[in-house]
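Report on one structure; see the data block that follows.
To find a chain, count down the sequence lines: A is the first, B the second, and so on, and within it residues start at 1.
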Amino acid sequence: MDMEKVYNSKEVEKKWSEYWIENKTFSAKIDKNKKPFTIVIPPANVTGSLHMGHALNATLQDIVIRFKKLQGYNTLWVPGTDHGGIATQNVVEKLLKKEGITKYDLGRDKFLERMRQWINEAGDAILEQLKMIGCGLDWDRVAFTMDESRSKAVKKAFIDLFDKGLIYKGKRLVNWCSRCGTALSDIEVEYDDEKSNLWHIKYPLKDSDEYIIVATTRPETLLGDTAVAVSPDDDRYANLVGKTLKLPLSGREIKVASDYIVDKSFGTGAVKVTPAHDAADNEIAKRNNLETIEVVDINGKMINVPEKYLGLSVEDARKEVVKDLEEAEFLIKVEDYNHSVGRCYRCSTKIEPLMSEQWFLNVGEMSKKAVDAANEAKTVFHPHSWKKPYVLWLENLRDWCISRQIWWGHRIPVYYCVSEKGKRKDCKPIASFERPKECPCCKGDKFVQDEDVLDTWFSSALWPISVFGWGENENSEDLKYFYPTSVLATGHEIIYLWVARMAQFGLEFMKDAPYKDIFIHGIVRDKRGKKMSKSLGNAVDPRDIIEKYGTDSLRFALAQAAVPGRDMQISDESFLSARNFANKIWNAARFILMNLEGIDKLDEEIKPCELADEWIIAEVENTFAKAQAAYDTYNIDAVSRELYDFFWTKYCDWYIELSKIRMTSPDVSLKRQALSILVYILKRALQLLSPVMPFITSEIWQILNKDEKIIAESVFPKIKTSGFAESLEKMRTVQDIIIKIRTLRSEMNISPVVQIEALFNVLDDNKEKTAKENEGYIKQLAKISSIQFGKNIERSKNSALAVASGFEIFLPLEGLIDIEKEKARLAKEIALAKREVERTTAKLSNESFMKRAPKAEVEKIQARLNDAALKIEKIDESLKFLG
RNA sequence: GGGCAGUUAGCUCAGCUGGAAGAGCAUUUCCCUUACAAGGAAGAGGUCGCGGGUUCAAAUCCUGCACUGCCCACCA
């Protein structure tokens, strides 16, 4: 088998991503003998294309799925896309604009047709990209939030909630985006600080010279004021409560009300109350039975105001009103003021709170159930710190405005009975899958459907049940087997928008939370810590990274940075380092395969024959345990680091290097012996790495085991403790000797290729045994030609000294040594040892420490002191000897 | 206003059930030692944001404070 010197990701990736799909490696069937492990993908917007955030999210889920599969679970990861409501409609509207038309020119039906057509053309891009990065999704189960089955689920959920009386229609104050032309829910509004002014306006008392000054950021809505409110415990205004004021510019009479929400220390302590255009004012109005006057309509134009302001935009009206107030001497002063302004999360247009007839979902009970599920640890956040904000949000949730005045989406399945002429009758509206045949109250047979569509998040909230066919059969076998899902992986930006609502709907319709674990990962940021976004121009396209470094590198770099709940800064260096790791894996495999040439089939059972064998087996067991524990708690970053360290530092730098002694031995049985361990460890490492780096590991695995199952379908072997733990300590001794010699050589500038002799003055008999048994290791890795062991060995003037634990090591360096340099080096060493003696002595002479510290700790410190003292003694002797 | 997270080597970050400070990248020296120069060996570089406290012992636990970031809030 020929392997290229440098790992070439392109061919390998193409081969495997196609293989997994063609062979349905990740297609899941119900198997009652196996435990299911289920994930539903957060459905990306159909119009989207893969960005780093998706790549991270998908990689993490894929890692978990592949890992669980190796553990023997019947895993299922369901793919799909979201129709994306307003966002998607906006994209198509922009396309139309380029053609010089609007959606109204087309009309609803034609426009929707146009949208579907466009989605057919562009819609699969994101799924194709998920295939590209190797996602082990079940491609037989691709779902779309607006396909037939999902549409049924939406209708079913709506009708159910409607019939339970939880969905109702009403005229309420809502967040209105005049650009998108629709109402939005509370969480679809994003708040931003904006420089503005605080206008202080005089409101005169009726039939009096007295007045109240109010401070406001929205002078134009003054025309819709129906009261001025003050704090109940504000002495300044106590005598004015209940009195009548004359509204400036209009002369309309309004009352002075008192309400607890008013903060007497803010502004003037008096608030103008505009119930139709401010949420807080709306609450005040309810508590005080105030009238509601709408002065801004859904197009952002003034209505119900004196003629001169009628039809003006909010901005123009503000200018006019301020000018007029100033002229009429109502305006007292204008302050600079920063306050936060709500903006549409899809188009950033300023949100206008206004009264509008909308559908609402009463979420009170559902929220309680979701809170309980979190409190009873039926749903668990990773990291845990997200639970609190999640619960707080649910507890303070107001009814959800679920209707949108756009065309793209699930049309609300409510029908109104109308007369022959199309006039709506007084009959009760009917929620139904189909257009009703007959009105139950008037027997009429003519109906019109509600014009609005549902918030796109309504269908997203049903995702974990709708993907299993809940809309068609709420007792489907899939639901019974795969629901609730095992874990939901998502960034924190959609915890409220999506995660919380899935919990509510899952508990409502299935009596069970839709997922057990919630794995919250961070957001990918650029090198400078800025969030990646198209508009900032700092977005890194994962496809470029794949092109440059390979998919496994992309995945490994993301995995390594994925500390639960923390945002990550990622740059080219991260991918480069991951790419180097992939190459390291490739070359380790190449070394082994090279040596396997001409070797007959190795035994399955491994027979460790020497220290390094036992040691690497003990190490792989440790790594396995650590990685498994980290996988189970979604510490993918820890997994990656653990595996990196094991593979590179332990396996490559030590074990493979030591194995070369047997590889180059003329005795083929020795070579076979070492190879069997090399292959065994490589296979274990490949399996552990395969969830993170599926391509390269699949390829090597296949080259290694031509006839076996592919790695993705392999299962972890039951690893029982080998009992080689004591080899770790012995290996440490050997490594210490090797490192000490290498350091000495390096500091004395001895070329790494020159073979030299070594004298070991033994200070510890046990360690002598270990060193003697493994003399070959020391010779091989420290480039030593021969070792002479002994006691009280005299050093020669031409030698350098290293004190390892258990030995004085002399390297006779005839003609190579510079005595002065050696003395300086030893002086430095001795200084270090002296500091150690001071530290440890201080501890040991501390009575409290001796009395209270555990025995093992005291012994440890004592041992350190002994080592250091011995070192000083030996170096001292040496120095004296050198003169 | 409330909540959450962060502050550790030049940079990006681990370590935080308390017992001698770690990795990658960058950097210095040596090495093209046939798996890998996308590599190997060795080194330099840190009073772990600041102040208190608990403890024999604190990067790690508690408590203030500062700064940074994020989220929530009826900031007129």
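Between A/Gln560 and B/rG24 there is no side-chain N or O to OP1 or OP2 distance below 4.0 Å.
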* To do: List the steps and the verdict of side-chain contact (heavy atoms from CB on, under 4.5 Å) for A/Val334 and A/Val322.
  => CA-CA 10 Å; A/Val334 184; A/Val322 169; 5.6 Å; no
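Between the side chains of A/Thr274 and A/Asp278, no donor N or O sits under 3.5 Å from an acceptor N or O. Looking at A/Thr841 and A/Glu838, their side chains never bring a donor and an acceptor atom within 3.5 Å of each other. Inspection of the A/Glu190 and A/Tyr345 side chains reveals no N or O donor paired with an N or O acceptor under 3.5 Å. Using modelled atom types, one finds a donor on one side chain and an acceptor on the other under 3.5 Å when comparing A/His492 with A/Asp567.
With a cut-off of 3.5 Å on both pairing distances, the Watson-Crick or G-U wobble partner of B/rC67 is B/rG6. In this structure, B/rG45 forms no base pair with any nucleotide, since neither Watson-Crick nor G-U wobble geometry is met with both distances under 3.5 Å. Figure legend. B/rG18 is base-paired to no nucleotide; pairs are counted as Watson-Crick or G-U wobble with both atom distances under 3.5 Å. Pair assignment for B/rG39 gives B/rC31, based on Watson-Crick or G-U wobble hydrogen-bonding distances that are each under 3.5 Å.
A distance of about 46 Å separates the C1' atoms of B/rC30 and B/rA66, rounded to the whole Å. One P atom belongs to B/rC62, the other to B/rC4, and the distance between them is 13 Å to the nearest Å. Separation of the C1' atoms belonging to B/rC71 and B/rC65 is 23 Å when rounded to the nearest angstrom. Between B/rG49 and B/rG6, the two C1' atoms lie 11 Å apart (nearest whole Å). Using atom P as the reference point in both B/rG45 and B/rA9, the two lie 14 Å apart (nearest Å). Spacing of C1' atoms, B/rG64 relative to B/rU27, comes out at 40 Å, to the nearest Å. Between the C1' atoms of B/rC61 and B/rU54, the separation comes to 8 Å (whole Å).
Note: A/His382 and A/Tyr634 meet the aromatic proximity criterion, with ring centroids under 6.0 Å apart. Taking the six-membered ring for Trp and the full ring otherwise, the centers of A/Phe381 and A/Trp386 sit at least 6.0 Å from each other.
In the interface, the side chain of A/Ser751 is not paired with the base of B/rC30 through any donor and acceptor atom under 3.5 Å apart.
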* Asked: Which letter, B, S or -, goes with each nucleotide of nucleotides 36-42 of chain B from 5' to 3', with contact meaning a protein heavy atom under 4.0 Å?
  -> BSBSSSS
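The listed nucleotides are B/rA20, B/rA76, B/rA35; the one nearest the side chain of A/Glu857 is B/rA20. Here B/rA35 is the nucleotide among B/rA35, B/rG3, B/rU33 with the atom lying nearest to any side-chain atom of A/Ala588. Comparing B/rC74, B/rA76, B/rC13 against the side chain of A/Ile261 picks out B/rC74 as the nearest. Looking at the side chain of A/Phe266, the nearest of the listed nucleotides B/rC56, B/rG69, B/rC75 is B/rC75. Nearest to the side-chain atoms of A/Arg566 among the listed nucleotides B/rC13, B/rA35, B/rC56 stands B/rC13.
Note on A/Lys851: nothing from the nucleic acid sits closer than 4.0 angstrom, heavy atoms only.
Ionic pairing of A/Glu352 and A/Lys350 is not present here: no N-O contact between side-chain nitrogen and carboxylate oxygen is shorter than 4.0 angstrom. Of the charged side-chain nitrogens involved, at least one lies within less than 4.0 Å of a carboxylate oxygen, so that A/Lys740 and A/Asp736 count as a salt-bridged pair.
For the pair A/Asp193 CG and B/rG1 P, the computed distance is 13 Å after rounding to whole Å.
Scanning for side-chain contact (heavy atoms from CB on, under 4.5 Å) contacts around A/Ser385 gives A/Pro383, with sequence neighbours left out.
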Under 3.5 Å, which protein N or O atoms sit close to an N or O of nucleotides 26-28 of chain B? Give each pair with its distance.
none

